[in-house]
Amino acid sequence: MRSLTIFYSETGNTYQVANTIHKLIGSHTKEIIDNNVHRSLHEYFFTTICNSARIEPKSIDIDYYETIFIGSPVWMGTISPAIVQFIENMDFKNKDIIIFVTGHGVCDDLALKRMSRIIKKHNGNVISGFIIHTNGDSEQLKLDTTKAMEDLHLL
């Protein structure tokens, strides 16, 4: 399976999950960088409607890949502005997408549903998704990611 993991990580948790996916299945990885460091409270609460991200890269050529993983931390019950902006810039036609979020358990399921909805709007075929609860322990993140990948029969 030719796979690519695209992610944004503010504190390193989502990076840790993406890196674990890379190690488990050999997925290529691409980090989305958000150059906007000063956000208003309004932008944190309404990340899916505020276009507050200044991302690099703006889009990625995904033609080579069969499966694409997309990951985001959960911010105020939704996905990060960087991932929203990235998805809005893409056309995922004929691509299978597996989505994941990292968070503390508050509205993580809503964030996953929002990400799925936005990806489907951009022609993506969301085949699965998972939530990784964060607690600051990198070993637990690795174990939880491995379990999620096993549950999806990807290992």
Side-chain angles (χ1 to χ4, degrees), residues 1-39 43-45 47-48 52-57 59-60 62 64-90 92 95-120 122 124-155:
M1 165 178 58
R2 293 185 315 249
S3 61
L4 172 65
T5 303
I6 300 165
F7 68 97
Y8 169 77
S9 186
E10 176 98 0
T11 63
N13 291 322
T14 310
Y15 167 82
Q16 188 73 250
V17 172
N19 192 46
T20 302
I21 293 169
H22 163 72
K23 288 179 179 177
L24 291 171
I25 64 169
S27 174
H28 292 162
T29 58
K30 187 64 179 174
E31 183 172 9
I32 303 299
I33 305 297
D34 187 351
N35 294 310
N36 186 358
V37 293
H38 302 290
R39 286 198 164 72
E43 290 169 320
Y44 277 105
F45 275 107
T47 59
T48 55
S52 67
R54 296 180 326 182
I55 62 170
E56 292 177 27
S59 65
I60 296 172
I62 58 174
Y64 173 79
Y65 301 99
E66 299 166 347
T67 304
I68 299 168
F69 292 81
I70 301 176
S72 175
V74 175
W75 289 13
M76 303 292 191
T78 192
I79 57 177
S80 67
I83 290 298
V84 171
Q85 185 62 52
F86 174 77
I87 294 168
E88 293 289 341
N89 293 343
M90 295 295 296
F92 295 105
K95 296 298 175 183
D96 289 337
I97 313 289
I98 299 171
I99 57 178
F100 64 93
V101 295
T102 57
H104 297 290
V106 179
C107 299
D108 293 348
D109 56 334
L110 291 174
L112 202 65
K113 288 176 186 174
R114 286 182 181 142
M115 187 188 306
S116 177
R117 203 169 41 246
I118 296 168
I119 290 170
K120 288 176 182 176
H122 291 272
N125 178 30
V126 178
I127 60 173
S128 195
F130 58 93
I131 298 167
I132 301 295
H133 295 284
T134 58
N135 62 4
D137 181 355
S138 64
E139 285 304 312
Q140 190 63 49
L141 287 173
K142 292 176 191 175
L143 290 171
D144 291 347
T145 303
T146 302
K147 172 88 169 78
M149 297 292 283
E150 288 170 349
D151 290 348
L152 295 175
H153 306 289
L154 295 172
L155 297 181

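Every heavy atom of this structure was used, including side-chain atoms; hydrogens, water molecules and symmetry mates were not.
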Asks: Using side chain to side chain contact (heavy atoms under 4.5 Å, CB included), reason through Ile79 and Val74 one step at a time and then give a plain yes or no.
Replies: CA-CA 5 Å; Ile79 57 177; Val74 175; 6.0 Å; no

Asks: Kindly give the heavy-atom pair with the smallest separation between Ile83 and Ser72, and that separation in Å.
Replies: CG1-CB, 3.7 Å

Asks: Verify, without hydrogens or angle tests, whether Arg2 (side chain) and Ser27 (backbone) share a donor-acceptor contact under 3.5 angstrom.
Replies: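 Answer holds: no.
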
Asks: May I ask you to test the Ile21-Val17 pair for a side-chain heavy-atom distance under 4.5 Å?
Replies: yes

Asks: Once rounded to the nearest 0.5 Å, what's the spacing between atom CG of Asn125 and atom CG of Asp96?
Replies: 5.0 Å

Asks: I'd like to check the side chain to side chain contact (heavy atoms under 4.5 Å, CB included) partners of Asp137; sequence neighbours left out, ordered by chain and number.
Replies: Asn135, Glu139, Gln140

Asks: Holding to side chain to side chain contact (heavy atoms under 4.5 Å, CB included), I want the full list of residues that pass it with Lys120, two or more places apart in sequence or in another chain.
Replies: Ser116, Val126

Asks: Write down the atom of Gly129, the atom of Leu112, and the distance for their closest heavy-atom approach.
Replies: C-CD2, 4.1 Å

Asks: Restricting to side chain to side chain contact (heavy atoms under 4.5 Å, CB included), what partner residues turn up for His104, sequence neighbours left out?
Replies: Thr134

Asks: Looking only at heavy atoms, what is the nearest atom pair of Ser59 and Met90, with distance?
Replies: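 It is CB-SD, 3.5 Å.
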
Asks: CD1/Ile119 to CD/Glu88 distance, rounded to the nearest 0.5 angstrom?
Replies: 10.5 Å

Asks: Do you know which two heavy atoms are closest between Val101 and Asp108, and how far apart they sit?
Replies: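 So the two residues come closest at CG2-O, 3.8 Å.
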
Asks: Residues two or more places apart in sequence or in another chain: which of them pass side chain to side chain contact (heavy atoms under 4.5 Å, CB included) with Leu155?
Replies: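 Leu24, Ile25, Thr146, Met149, Glu150.
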
Asks: To the nearest 0.5 Å, how far apart are CD1 in Ile68 and CD1 in Ile60?
Replies: 8.5 Å

Asks: Stepwise, does the side chain to side chain contact (heavy atoms under 4.5 Å, CB included) test hold for Leu4 with Ile62?
Replies: CA-CA 8 Å; Leu4 172 65; Ile62 58 174; 4.1 Å; yes

Asks: Quick one: pull up CD1 in Ile87 and CD in Gln85 and give me the separation to the nearest 0.5 Å.
Replies: 10.5 Å

Asks: For the pair His28 and Tyr65, evaluate side-chain hydrogen bond (donor to acceptor under 3.5 Å, both in side chains) and give the outcome as yes or no after the intermediate values.
Replies: CA-CA 9 Å; His28 292 162; Tyr65 301 99; 2.8 Å; yes

Asks: Looking at every non-hydrogen atom in both residues, tell me the closest pair between Ser80 and Tyr8 and how far apart they are.
Replies: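 Scanning both residues completely, I find the closest heavy atoms to be OG-CD2, 3.4 Å.
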
Asks: Can you check side chain to side chain contact (heavy atoms under 4.5 Å, CB included) on Ile6 and Phe69, steps first, answer last?
Replies: CA-CA 6 Å; Ile6 300 165; Phe69 292 81; over 6 Å; no

Asks: Can a donor-acceptor pair be found, under 3.5 Å and without considering hydrogens, that links the side chain of Thr145 to the backbone of Thr20?
Replies: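 Not confirmed, Thr145 side chain does not pair with Thr20 backbone.
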
Asks: In sequence, state the C-alpha distance, the side-chain angles, and the governing distance for Ile127 and Ile97, and then conclude on side chain to side chain contact (heavy atoms under 4.5 Å, CB included).
Replies: CA-CA 6 Å; Ile127 60 173; Ile97 313 289; over 6 Å; no

Asks: Could you tell me which non-hydrogen atom of Thr29 sits nearest to which non-hydrogen atom of Ala18, and how far apart they are?
Replies: CG2-O, 4.0 Å

Asks: Any heavy-atom pair between the side chains of Ile98 and Leu154 that's under 4.5 Å?
Replies: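 Answer yes - side chains close enough.
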
Asks: Considering only heavy atoms from C-beta outward, does the side chain of Phe7 approach that of Lys30 to under 4.5 Å?
Replies: no

Asks: Please state whether the rings of Phe130 and Phe100 are parallel, tilted or perpendicular, taking 30° and 60° as the class boundaries.
Replies: parallel

Asks: ring-ring contact (aromatic ring centres under 6.0 Å, His included): which pairs involve residues 133-155, sequence neighbours left out?
Replies: none

Asks: Could I get the full list of side-chain hydrogen bond (donor to acceptor under 3.5 Å, both in side chains) partners for Asp109, not counting sequence neighbours?
Replies: none

Asks: Measure the spacing between CG of Asp34 and OG of Ser9 and express it to the nearest 0.5 Å.
Replies: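 Asp34 atom CG to Ser9 atom OG measures 12.0 Å (nearest 0.5 Å).
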
